[in-house]
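Here is the structure we will look at, set down as C-alpha cells.
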Amino acid sequence: MHISEPVPKPWAPPYSGVTPAAVPSRWTGQQISNSSSSISQFLLLPFADTRELQLLHFCLFLGIYLAALLGNGLVITAVACDHHLHTPMYFFLLNLSLIDLGCISTTAPKSMANSLWDTRAISYTGCVAQLFFFLFLITTEYSLLTVMAYDHYVAICHPLHYGTLLGSRACVHMAAAAWASGFLNAVMHTANTFSLPLCHGNAVDQFFCEIPQILKLSCSDAYLREIGVITFNVCLAFGCFVFIVVSYVQIFRAVLSIPLQQGWHKAFSTCLPHLAVVSVFLITALFTYLKPPSISSLLLDLVLAFLYSVFPPAVNPLIYSMRNHELKDAVWKLMTGYF
C-alpha cells in the first residue's frame with residue numbers, strides 16, 4: 001500500500017501573525033535576528049480606509065506639497081537673485097527654505113502615492129532612507145533656527161559689531177555646522193534604530209518611518225540604547241531652546257528701550273515669525289518623542305507628525321514674508337518680472 005508523504009507547510013517568517021504578547025520567550029537571539037532580517041518591507045499607516053477618503057487625502061497633501069514647493073521656491077529664487085537680500089539673515093532663510101523643501105519631499109510624496117495607488121507598503125531600504133533624510137533635515141532645521149536666533153540677537157542688541165561677528169565666512173561656517181550636525185545625528189540614529197532586532201511585525205503606526213514607531217517593533221531590551229540617545233538629543237535640544245529664549249529676552253528688552261515705534265515694528269516683524277516657527281516645531285516634535293504611552297493614540301500621533309513634518313514647510317514662507325517688506329518686494333518683482 002502506498003502511503004503518501006505529508007505535504008510540508010509553506011515557510012512563514014517567525015512572529016508572522018503573532019501578537020507581541022504571544023512571542024515565545026524561549027526563542028534564541030539567532031531566531032530573533034532571522035526574524036528581523038526577513039523583513040523586506042514595512043506597512044505605513046493609511047489616513048483613510050475608504051477609496052473616497054484616500055483620494056481626498058491625496059488631493060489635500062498634493063495641495064499642501066505644491067504650496068510648499070511654490071512658497072519655498074520663490075523665497076530661494078528671490079534671495080538668490082536680489083542682491084539687496086544678500087545678507088546673513090536672508091542667507092540663513094535661504095538655507096531654511098532648502099531644508100523645508102527636502103523635509104516635505106521626504107514624507108509627503110510617499111504618503112500621497114500610497115493613497116493614490118491604495119497601498120501601504122514601503123521597502124526596507126526606502127524606510128531606512130526616509131528615516132535618515134527626515135532626521136538629517138529636521139536636526140539641521142533646528143540647528144539653523146538656533147543660529148538664526150543668534151543672528152537676530154546680534155543684529156538688534158549689538159548692531160555695531162554685526163559685520164564683525166556675522167561676516168560671510170562666519171555665516172558659511174555656522175550654516176555648515178548646522179548641516180554637519182544634522183548629518184551626524186541622522187547617521188547615529190538610523191544605524192542605532194535599524195540595528196535593533198524587529199519581531200513585532202512590520203506595521204508602522206505612522207504615515208512615514210519614524211523612530212518611536214520603529215522602536216515599537218523591537219523585541220529586545222536593546223531599544224533602551226536608542227532611547228538613551230534620544231534622551232541625550234532632547235537635552236541638547238533643550239539647551240538650544242534655552243539659548244533661543246535667552247536671546248529673545250535680551251532682544252525684547254533692547255526693543256522696548258527704543259523710543260521710536262518704527263524701531264519696534266521692524267524688530268518685532270523680524271523676530272516674531274521666527275519665534276512662532278520655533279515654538280510650533282519644537283513643541284510638536286518634543287511631545288511626539290516624549291509623550292507617555294498612556295496618552296498615545298493613532299489620531300494624536302498622526303496630528304503631531306503632520307504638525308512638525310508637513311505643516312511647517314508649507315507655512316514657513318508665508319510666516320517669514322507676511323511682515324517682511326523687503327522679502328515681499330523681492331518676491332513681487334520676481335513674479336512680475338517673469339509673468
Handout entry: By salt bridge (charged side-chain N to carboxylate O under 4.0 Å, His left out) - contacts of D82 (at least two apart)
Key = K333

Handout entry: Minimum side-chain heavy-atom gap I76-L101 below 4.5 Å
Key = yes

Fill in the blank from the handout: Correct closest heavy-atom pair for P313 and N72 would be O-ND2, 2.9 Å

Problem - Reported CE-to-CE distance for the pair M89 and M148, which is rounded to 0.5 angstrom - result: 8.0 Å

Practice task
Tell me whether I251 is reachable from F243 by hopping between hydrophobic residues (I, L, V, M, F, W, Y) whose side-chain heavy atoms are closer than 4.5 Å.
Solution key: yes

Problem - Minimal non-hydrogen separation, I156 against A254, with atom names - result: CG2-CB, 4.2 Å

Exercise for the section: Could you pull out the closest heavy-atom pair between A121 and Q41, with the gap in Å? Expected result: CB-OE1, 3.5 Å

Practice task
Take atom CZ of F183 as the centre, draw a 6.0 Å sphere, and report whether it contains more than 12 heavy atoms from other residues, nucleotides or ligands.
Solution key: no

Handout entry: Hphob cluster co-occupancy, V172 + L93, side-chain heavy atoms under 4.5 angstrom
Key = yes

Completion exercise
So disulfide (SG to SG under 2.5 Å) across residues 128-170, not counting sequence neighbours, yields none

Problem - Any side-chain heavy-atom pair of L43 and V204 under 4.5 Å - result: no

Problem - Check: S181 side chain, A178 main-chain N or O, donor-acceptor pair, under 3.5 Å - result: yes

Practice task
For the residue pair D301 and D205, establish whether any side-chain heavy-atom pair is separated by less than 4.5 Å.
Solution key: no

Practice task
Grab the two heavy atoms, one from I244 and one from A149, that are nearest each other, plus how far apart they are.
Solution key: CG1-CB, 3.9 Å

Exercise for the section: Would you check if the side chain of H189 reaches a backbone N or O of I211 as a donor-acceptor pair within less than 3.5 Å? Expected result: no

Completion exercise
d(M174 CE, L165 CG) to nearest 0.5 Å is 8.5 Å

Problem - Verdict with reasoning, L144 to I99, per side-chain contact (heavy atoms from CB on, under 4.5 Å) - result: CA-CA 10 Å; L144 195 64; I99 293 169; 3.9 Å; yes

Handout entry: Over 12 foreign heavy atoms within 6.0 Å of CZ, R169
Key = no

Completion exercise
Rounding to 0.5 Å, atoms CG (L94) and OG1 (T77) come to a distance of 9.0 Å

Exercise for the section: Can you establish whether the number of heavy atoms outside D118 located under 6.0 Å from its atom CG is more than 12? Expected result: yes

Problem - For Q206, side chain to side chain donor-acceptor pair (under 3.5 Å) partners two or more places apart - result: E210

Show me, pair by pair, the donor-acceptor contacts under 3.5 angstrom made by side chains of residues 132-139, not counting sequence neighbours?
unit_1, atom_1, unit_2, atom_2, d
T139, OG1, L135, O, 2.8
T139, OG1, N185, ND2, 2.9

Completion exercise
Residues at least two apart in sequence or cross-chain that pass side chain to side chain donor-acceptor pair (under 3.5 Å) with S111, listed by chain then number, are H57

Completion exercise
Sorted by chain and number, sequence neighbours left out, ring-ring contact (aromatic ring centres under 6.0 Å, His included) with F207 holds for F47, F61

Exercise for the section: Give a yes or no on whether the backbone of Y142 and the side-chain of T146 come within a donor-acceptor separation of less than 3.5 Å. Expected result: yes

Practice task
For F241, look at atom CZ and say whether over 12 heavy atoms of other residues, nucleotides or ligands are found less than 6.0 Å away.
Solution key: no

Practice task
Starting at CG of L45, measure out to CZ of F208 and round the result to the nearest 0.5 Å.
Solution key: 11.5 Å

Handout entry: D49 vs Q54, side-chain contact (heavy atoms from CB on, under 4.5 Å): CA-CA, chis, key distance, verdict
Key = CA-CA 7 Å; D49 297 327; Q54 287 178 342; over 6 Å; no

Practice task
Give, for atom OG1 of T87 and atom OH of Y90, the distance between the pair rounded to the nearest 0.5 Å.
Solution key: 6.0 Å

Exercise for the section: Would you indicate whether the side-chain heavy atoms of C171 and F91 approach each other to under 4.5 Å? Expected result: yes

Problem - ILVMFWY clustering at 4.5 Å (side-chain atoms), partners of V246 - result: F238, V242

Handout entry: Residue pair K110 / L44, side-chain heavy-atom distance below 4.5 Å
Key = yes

Problem - Check: N202/Y124 side-chain N/O donor and acceptor closer than 3.5 Å - result: no

Fill in the blank from the handout: Applying ring-ring contact (aromatic ring centres under 6.0 Å, His included) to Y153 and not counting sequence neighbours gives H158

Handout entry: Which residues share a side chain to side chain donor-acceptor pair (under 3.5 Å) with E141, sequence neighbours left out
Key = none

Practice task
Return the set of residues passing side chain to side chain donor-acceptor pair (under 3.5 Å) with Y65 (not counting sequence neighbours), or none when no residue passes.
Solution key: S105

Practice task
Report whether L74 and L66 are members of the same hydrophobic cluster (ILVMFWY, side-chain heavy atoms less than 4.5 Å apart, transitive linking).
Solution key: yes

Practice task
Output yes when a side-chain donor or acceptor of N316 lies under 3.5 Å from a complementary backbone atom of S97, and no otherwise.
Solution key: no

Completion exercise
Going by chain and number, the hydrophobic cluster around L53 (ILVMFWY, side chain to side chain under 4.5 Å) further includes L56, L60

Problem - Whether S195 side chain and N192 backbone form a donor-acceptor pair below 3.5 Å - result: yes

Handout entry: Distance (rounded to the nearest 0.5 Å) between L69 CG and D100 CG
Key = 11.0 Å

Exercise for the section: Go through the structure and list residues passing disulfide bond (SG atoms under 2.5 Å apart) with C127, not counting sequence neighbours. Expected result: C209

Handout entry: Flag if over 12 foreign heavy atoms under 6.0 Å of CZ, F311
Key = no

